[in-house]
Trainee: 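Sending over a structure as C-alpha cells; questions will come in a sec.
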Amino acid sequence: MNTARVREEYDYSYAKEDSLQNPIYQAPVIEGYFHRENTVKEMAIRKVNKTLCGILGIFIMMAFVSYYFEMSNEITLNTLSRQVRTLNDENAELQNTLDRLKSFNNVDNKMVQYNLLQKAAKVIEVPAVASGVVPVDTKKAASTYVNWAIGY
C-alpha cells in the first residue's frame, strides 16, 4: 500500500483560460492511487464527530447503569410495600381485638365504679333438693291426614 501524499494545487483562473484555448486534456505525470490530504475543516469535523460519539457512548452507558439501579430500587420498594400491607392487615386485626378488650375493661370499670354488681362476701352451701317436676313429652302426635295444597 502506497502511503505517499500528493498535494494538488491549481490556479483555477488559469485553468479556465487554458481549457478554453487548449481543449486537449493532459494526463498527470504521476499515476496511481494516492491518499488525498485532508483539509483542516474535514479534520476538525472528524474530531468533533469522534468527541460527540464518545460523549453519546458515555451517556448511553450511564443510562444503562441508572436503569439498573432504578429497577433495583423498584424491586426493593415493591418488597417493602408488600411487607407494609401485611403489617397493616395484622395491625387492623390487633386493633379490633384491642378495641374489644378495651370495651370489656370499660364496662368492668363502670360496674365497679357504680357498684352495680357486688361480690358475695360469704359462700353458703345448701343440700340438694329432690325436684318434683314431671318431664313434659314434647313429641307431636303424627297425623294421618295430609292437607294437600295445589298452586303456590
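Note that these values count all heavy atoms, side chains included, but never hydrogens, waters or copies made by symmetry. Position 1 is the first residue of the sequence; numbering continues from there. These numbers were taken from a predicted model, which means no experiment stands behind them.
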Trainee: With the side chain counted from C-beta on, respond yes when Leu52 and Val48 share a heavy-atom pair under 4.5 Å apart, and no when they do not.
Mentor: yes
Trainee: Which pairs, with at least one residue in residues 78-92 and sequence neighbours excluded, count as a side chain to side chain donor-acceptor pair (under 3.5 Å)?
Mentor: Ser81-Arg85
Trainee: Less than 4.5 Å apart, side chain to side chain, heavy atoms only: is that true for Arg100 and Asn96?
Mentor: no
Trainee: Is the count of non-hydrogen atoms from other residues, nucleotides or ligands lying under 6.0 Å from Met61 atom CE greater than 12?
Mentor: no
Trainee: May I ask you to list the residues sharing a hydrophobic cluster with Phe59, side-chain cutoff 4.5 Å, ordered by chain and number?
Mentor: Ile55, Ile58, Met62
Trainee: Strictly by side chain to side chain donor-acceptor pair (under 3.5 Å), give each pair with a member in residues 49-74 just once, sequence neighbours left out.
Mentor: none
Trainee: Using the rule given for side chain to side chain contact (heavy atoms under 4.5 Å, CB included), can you reason through Asp99 versus Gln95, listing the C-alpha separation, both sets of side-chain angles and the distance that settles it, and then say yes or no?
Mentor: CA-CA 6 Å; Asp99 291 342; Gln95 187 64 42; 3.1 Å; yes
